[in-house]
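What follows is one structure encoded as structure tokens, with my remarks underneath.
Here, residue 1 is the first one in the sequence, and each next residue gets the next number.
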Amino acid sequence: MSGIFDGLAGLLTDVLGSPVTYQPRAGATRDVASIFRERPIEVEGADGQIVRIDAPSWRVCRTLVEDPGRGDQILLPDGRIFTVQAVHRTGSPAADGFWICEMQDG
């Protein structure tokens with residue numbers, strides 16, 4: 001069943017996203033294509049429940065960032081830095097589904 005969803009995360013990122021510089025707590029800094037939003041969003045969580053995120057959010061494909069965690073940072077093209085506060089896995093069964101990260105300025 002997940003086969004019909006495979007590739008959609010990458011397509012959405014290509015259309016709606018832009019590159020950010022990802023700096024994990026441990027490991028190499030690298031540029032990744034992703035979607036950053038400052039407005040509140042609602043997403044379906046891993047358990048099927050709707051999760052409202054009022055903080056800025058960062059949506060990144062699980063194949064690009066395997067294990068984002070609290071304290072990881074992203075650098076936006078405009079020079080602002082945001083820090084991961086919480087991570088949600090979406091309900092998508094696709095291998096390339098998204099992580100949704102709640103972010104904090106700085």
Practice task
Check whether any side-chain heavy atom of Val87 sits under 4.5 Å from a side-chain heavy atom of Trp58, and report yes or no.
Solution key: no
Problem - Under 3.5 Å donor-acceptor, Asp31 side chain and Pro19 backbone - result: no
Problem - Salt-bridge contact Arg70-Glu102 (side-chain N to carboxylate O under 4.0 Å) - result: no
Handout entry: Any side-chain donor near an acceptor of the partner, Gln73 and Thr83, under 3.5 Å
Key = yes
Problem - Distance (rounded to the nearest 0.5 Å) between Thr21 OG1 and Ile81 CD1 - result: 9.5 Å
Exercise for the section: Rounded to the nearest 0.5 Å, what's the gap from CD on Gln85 to OG on Ser57? Could you check? Expected result: 13.5 Å
Handout entry: Atom of Glu66, atom of Pro68 and distance for their closest heavy-atom approach
Key = C-CD, 3.8 Å
Problem - Charged tip of Arg59 within 45° of Phe98 ring normal and under 6.0 Å - result: yes
Problem - Val20 to Pro77 - nearest heavy-atom pair and separation - result: CG1-CD, 4.5 Å
Handout entry: Pairwise distance CZ(Phe36) to CZ(Arg80) - rounded to 0.5 angstrom
Key = 5.5 Å
Handout entry: Within one Ile-Leu-Val-Met-Phe-Trp-Tyr cluster: Leu76 and Tyr22, side-chain cutoff 4.5 Å
Key = yes
Handout entry: Reported CD-to-CD1 distance for the pair Gln23 and Ile74, which is rounded to 0.5 angstrom
Key = 11.5 Å
Problem - Gap between atom CD1 of Ile53 and atom CD of Glu42 - 0.5 Å precision - result: 10.0 Å
Exercise for the section: Compare every heavy atom of Arg30 with every heavy atom of Val65, then report the nearest pair and how far apart it is. Expected result: CA-NH2, 3.9 Å
Problem - Val60 reachable from Leu75 in the ILVMFWY side-chain graph, under 4.5 Å edges - result: no
Practice task
Determine yes or no for a side-chain-to-main-chain donor-acceptor pair under 3.5 angstrom, with Arg39 supplying the side chain and Asp54 the backbone.
Solution key: no
